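Okay, structure first, notes after.
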Amino acid sequence: MTSLNAAASPVLPLVYERSAGYWETVGRRFLRDKVAVGAALVVLLLMVLAVFGPWLAPMDPYQSAMLKRLKPIGFEGHPLGTDELGRDMLTRLMVGAKLSLFMGITPVVCAFFIGSLIGITAGYTGGWVNSVMMRTIDVFYAFPSVLLAIALSGALGAGITNSLISLTIVFIPPLARVAESVTTQIRERDFVEAARASGASAFTIVRVHVLGNVLGPIFVYATSLIAVSMILASGLSFLGLGVKPPEPEWGLMLNTLRTAIYSQPWIAALPGAMIFMTSIAFNLLADGLRSAMEIKQ
Amino acid sequence: MTLANDAVGGSTQPMLSVRGLVKHFPLKKDLLGRGAGVVRAVDGVSFDVFKGETLGVVGESGCGKSTTARLLMQLITPDKGELVFDGQTVGSKSLPLKDYRRQAQMVFQDSYASLNPRLTMEDSIAFSPMVHGLPEREAIERARDLLERVGLAPQRFAERYPHELSGGQRQRVNIARALALQSRLIILDEAVSALDKSVEAQVLNLLLDLKEAFGLTYIFISHDLNVVRFMSDRVMVMYLGQVVELGDSETLFKHAAHPYTQALLSSIPTLDPDRRTETPPLAGDPPNPINPPSGCRFHTRCVHAQAICSEKMPVLALAQHGQQVACWMHVAGAAHTGAPDAQGMFKPLEVAA
């Protein structure tokens, strides 16, 4: 044994050599991915808009002007024109980031926690518990997500809270499904067996050995759902089930501007462009995270 | 650090007594609920492991070696049978499962899969002592001591992750983890099989050193007969979920009594050109454990098989050189022409050509 030590290193360092942890490595790999970093910057910019929009916006988002309705892009004092009530488009797009992102992210975050809880419990327990839980979850797969969101929202009634609840319910099944499958994979690994052999309780094993290995993949999947959630939330607002006028929200703006599509198509397309940009950014971010986390070992 | 501090019985009391262990895995039923039968992975296995010895377990793949290991660790629950650890039944009031797990630990074959990729080496080793109530600081301290003991300088390896280590180094960490609870019985399930030969030798020597230093008892499971011979005091040969021969290592390798053991031993490649074998000692694969052959399970491949072999299952009995053998040829007065007569005198055996 001593000869092996000597062969490994004749002079041992006094401090413990700490190697880069998993997340450090992931971070470094992510930063090398230019597309992903670009997407992350766009998301960051949108976050800043969402938080500071009301202070950054040049005008009052509720101030209408009957004489300046549907003015084109570049109109004097309104760089992005005005909407059907003469409100400044730039201002409303900036302020609208708050509600739109909130509607996009909140259901996914809630569903991330609930879905992970369900999926990890089912995956780690296995057996008939798993079958019962996952088959129940499968029932939700019978409905297309758009239809389910509309049906739930319609049943609960219009309003922000209700559409958040219905979107959360829509996203729990896919997240639980992903959580269950990664947990089942991890559970089969020998290190979980070894942890069981050491006499640890199921809760301790999940906390120490399972969570660290499954939350990453679930998180990546959740990130890609934010784009879907934003589009669904916009859809609900468009149908009058989500945000109510005169609140600035991109989906709702798309709805109210749809009559202007022949007179001012560029103005009418602006909220859609914002939704498109945001969902692309979140999707690319999720892609970047996924490839950064695929470390070959 | 001594490990044999909580010995209960004397040194002659077996460390682990395995009594009639049975594990059948049911196959998936079809849509109409018709059972497709069971895989008889382990079918009535009994043996003792004595204190301070290394018991080697050999057999072809699929013979139930690893299932036995998992049963011994209580990672899967046996259908029948019991484990008596140092005089106390495992799972009884006097020795609850969690206490047993402090006494017996296991090293798995796949050194990478048995380490959590998100934990540093010291965290992996310190996990089980912390589960058993050791404060984190002391557990980390113990982990670093153990890394030193298994030949990995803690300054270099304590805060490394599994993918940064070689297979041999990872298996040393797994050994350190198995020692972290100061267990007395270590089950090594193909623990060196995945390593390069040179690394394997180092790890085997390390295991011998640790055994001496900590007064450990090993159950050494392997398909490599040379390694088993090098490591073991006694050897147990398994075939299709049953023990066919069990005895002192040297006796067994020199005077194998069971035809299966003889075939296994002649399958060891030799460097001596005069002792080359031209024909394979064993033909074909072992029979399907779903529907094992009647009588002696080896009779389908045995060159000495006779009528009785397919009719009645032989039980373990004392053979000529002191080992236990489950074969009709070693039961005095049995209806096999190779069996000794009622007085226990052997007749010359005629091998069917």
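Lettering of chains follows the sequences in order, A, B, ..., and the numbering in each one begins at 1. Quick caveat: nothing in here was measured; it's all calculated off a predicted structure.
- Of the N and O atoms on the side chains of B/Q171 and B/N174, at least one donor lies less than 3.5 Å from an acceptor on the other residue.
- There is no contact between B/S124 and chain A, counting heavy-atom distances below 4.5 Å.
- Salt bridge A/E180/A/R187: absent, no basic N to carboxylate O contact under 4.0 Å.
- With respect to A/P107, the side chain to side chain contact (heavy atoms under 4.5 Å, CB included) criterion is satisfied by exactly one of A/T168, A/V228, A/V170, A/I169: A/T168.
- Between the side chains of B/N116 and A/H209, at least one donor N or O sits under 3.5 Å from an acceptor N or O.
- The local environment of OH in A/Y141 is crowded, with over 12 non-hydrogen atoms from other residues, nucleotides or ligands closer than 6.0 Å.
- When the shell of 6.0 Å around CD of B/E136 is examined, it contains 12 or fewer heavy atoms from other residues, nucleotides or ligands.
- For chain A, the nearby parts of B/P154 are the backbone and the side chain; heavy atoms of each come within less than 4.5 Å.
- Pairs of residues two or more places apart, or lying in two chains, never qualify as ring-ring contact (aromatic ring centres under 6.0 Å, His included) while including a residue from residues 173-206 of chain B.
- With a 4.5 Å cut-off on non-hydrogen atoms, B/Y161 touches chain A through its backbone and its side chain both.
- Proximity to chain A at a heavy-atom threshold of 4.5 Å picks out B/R70, B/M73, B/L75 from residues 66-75 of chain B, in numerical order.
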